[in-house]
Amino acid sequence: MYTTELQKVDPQQAPTREPQELVDAFEARVADDAFIEPKDWMPEAYRRTLIRQISQHAHSEIVGMLPEGNWITRAPSLKRKAILLAKVQDEGGHGLYLYSAAETLGASREEMIDALHSGKAKYSTIFNYPTLTWADIGAIGWLVDGAAIMNQVPLQRTSYGPYARAMVRVCKEESFHQRQGYDALLVMAAGTDEQKAMVQDAIDRWWWPAIMMFGPSDDNSPNSAQSIRWRIKRETNDELRQKFIDATVPQVHLLGMEVPDPDLKWNEERGHYDYGAIDWEEFYAVVRGEGPTAKERMEARRKAWDDGAWVREAADAHEARRRIKAAA
Ligand SMILES: [Fe+2]
Ligand SMILES: [Fe+2]
């Protein structure tokens, strides 16, 4: 999730001309599947593309805690509450790894947080949808984290070392998130008619937003080719989307539910599902912050940041004292 480029940049727009021999050596290393590390020389456009992608990814992890955190106090059992708590904490951890990875590229934590809170930075649009019922929590784990896994598994081999290594751990945790979500829905789908209806309703509301998580289609995604050349991305948005649909449709049917797409059909010749047209207008409206809960999300983040000021001040004071002691 979270890794689709939402803001357009012009990779040609590097600030100064870069020495050709350095560019050539960089491209050769990338083509050779070697990792680029923080101290290595890299083109400015590569650095900026990564800062944008990794920070957007970090913001998405952090904002992603909100719709689910909303249900911790209302989880239907102690077991479900413990699972949900663990998952939401994992997402916080993912955000922190990723901010650290972006810092290795010269971005400052403060600037990144500021960009999020001021509305300048983007995060995954999926978190601007509300979580109305407990079935939504299952659907998020299964569909949203499921789509995230599709995106993030190839990122374990992305060309920037710190990002790739962060993804190894993140992916392990995401697979737990996906399973717990599906497991919660399996239980409900075997329950009362009312529970079954809740599951179908959650699928109806989360299916298309999950499909949109892969970002604009390839002919509308101008930075994709450059990102693939730099091996930041390894598969295009449409390839990942197709993989997700192919893997997920049988899971919908196993739940005894329907996919809310009348055009969905197995295509024997292609060996893939054909699917209906995506409502990109809705996608861009949500990117622009017009999602049902966009304002609420940012208010919650700003409040958490302000409420946590004393923790940051205490940590700074502790560090200052530790240094004085160490110097003495
Ligand atoms: Fe995550
Ligand atoms: Fe997750």
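We count ligands from 1, going down the list as the structure has it; atoms in each ligand are counted the same way. Only heavy atoms go into these numbers, but all of them, side chains included; no hydrogens, no water, no symmetry mates.
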Quick one: which residue pairs count as a ring-ring contact (aromatic ring centres under 6.0 Å, His included) with a foot in residues 180-200, not counting sequence neighbours? Trp142-Tyr182
The OE2(Glu174)-the Fe ion (ligand 1)-OE1(Glu61) angle, to 10°, is 150°
Among Leu66, Thr293, Val144, the one residue meeting side-chain contact (heavy atoms from CB on, under 4.5 Å) with Phe127: Val144
Tell me, which N, O or S atom in His94 is closest to the Fe ion (ligand 1)? ND1
Specify whether an N/O/S atom of Asp145 falls short of 2.8 Å from the Fe ion (ligand 1). no
Might you confirm whether atom CD of Glu258 has over 12 heavy atoms from other residues, nucleotides or ligands at distances under 6.0 Å? no
What's the atom name of the N, O or S in His177 nearest to the Fe ion (ligand 2)? ND1
Give the other cluster members for Val311, using side-chain heavy-atom distances under 4.5 Å between Ile, Leu, Val, Met, Phe, Trp and Tyr residues; answer none if it is isolated. Trp310
Between the side chains of Tyr163 and Thr104, does any donor sit under 3.5 Å from an acceptor? no
Heteroatom of Glu91 nearest to the Fe ion (ligand 1) (N, O or S, atom name): OE1
